[in-house]
Amino acid sequence: QVQLVESGGGLVQAGDSLRLSCAASGGTFSTAAMGWFRQAPGKEREFVARISGSGRNTDYASSVKGRFTISRDNAKKTVYLQMNNLKPEDTADYYCAAALRIWGTSRGDYDHWGQGTQVTVSS
């Protein structure tokens, strides 16, 4: 049983930076690939970034590439999403997720989800 808790969301201005954290408990965190997804009101939940269990491999959606960085600290069982140069289009609820069997970008690849943290970017 894996529990994920996101934190770090908030209200910021366009161009600002924000770092989200996802703390994991109750599972073998070091073996799980982790991902960040986001969902804006009235829209589908979409992939943002992913990182392998070792932290060696990362991947990003084209819309955030060059602005966002995903990282992890397995000793702390925590995954981070550093978001720079935020844009109003980044406004969404951000979710942390764990994939126990596959490193993928689809929602169905992930087995456990956090409750989300809200990010609002004003212009």
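Hydrogens, waters and symmetry mates play no part in the numbers below; they use all other heavy atoms, side chains included.
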Any side-chain heavy atom of [X] sitting closer than 4.5 Å to one from [Y]?
X: Glu6; Y: Ser21; answer: no
X: Leu86; Y: Leu18; answer: yes
X: Val2; Y: Asp111; answer: no

Subject >> Glu46 CD: over 12 foreign heavy atoms closer than 6.0 Å >> reply: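 More than 12 within 6.0 Å, yes.
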
**OP:** Only one of Lys77, Lys76, Arg72 passes side chain to side chain donor-acceptor pair (under 3.5 Å) with Asn74; say which it is.
**Re:**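 Checked Lys77, Lys76, Arg72 against Asn74; only one passes side chain to side chain donor-acceptor pair (under 3.5 Å): Arg72.
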
Original post:
Would Trp36 and Phe47 count as a ring-ring contact (aromatic ring centres under 6.0 Å, His included) if you check the C-alpha gap in whole Å, the side-chain angles of each, and the deciding distance to 0.1 Å?
Top reply: CA-CA 7 Å; Trp36 286 97; Phe47 165 77; over 10 Å; no

Subject >> Lys/Arg N to Asp/Glu carboxylate O, Asp90 vs Arg67, below 4.0 Å >> reply: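 Yes, this pair counts.
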
Original post:
Charged N to carboxylate O below 4.0 Å: is that the case for Asp93 and Arg45?
Top reply: no

**OP:** With Met34 as reference, evaluate Thr78, Ile51, Leu81 under the side chain to side chain contact (heavy atoms under 4.5 Å, CB included) test and give the passing residue.
**Re:**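 Answer after filtering Thr78, Ile51, Leu81: Ile51.
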
Subject >> Test side chain to side chain contact (heavy atoms under 4.5 Å, CB included) applied to Tyr95 and Arg107, Arg38, Gln39, the passing residue >> reply: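 One option only clears the test, and that one is Gln39.
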
**OP:** Could you tell me how the ring of Phe37 sits relative to the ring of Tyr110: parallel (under 30°), tilted (30 to 60°) or perpendicular (over 60°)?
**Re:**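 Judged by the thresholds at 30° and 60°, the geometry between Phe37 and Tyr110 is perpendicular.
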
Original post:
Which heavy-atom pair separates Tyr60 from Ile70 by the least distance, and what is that distance?
Top reply: OH-N, 2.9 Å

Subject >> Smallest separation among heavy atoms of Ala24 and Leu4, with atom names >> reply: CB-CD2, 3.6 Å

Subject >> Working for side chain to side chain contact (heavy atoms under 4.5 Å, CB included), residues Leu100 and Thr31 >> reply: CA-CA 7 Å; Leu100 303 183; Thr31 65; 5.7 Å; no

**OP:** Could you go through the side chain to side chain contact (heavy atoms under 4.5 Å, CB included) check for Val121 and Met83 one step at a time?
**Re:** CA-CA 11 Å; Val121 184; Met83 305 184 293; over 6 Å; no

Subject >> Contacts of type ring-ring contact (aromatic ring centres under 6.0 Å, His included), residue Tyr80, not counting sequence neighbours >> reply: none

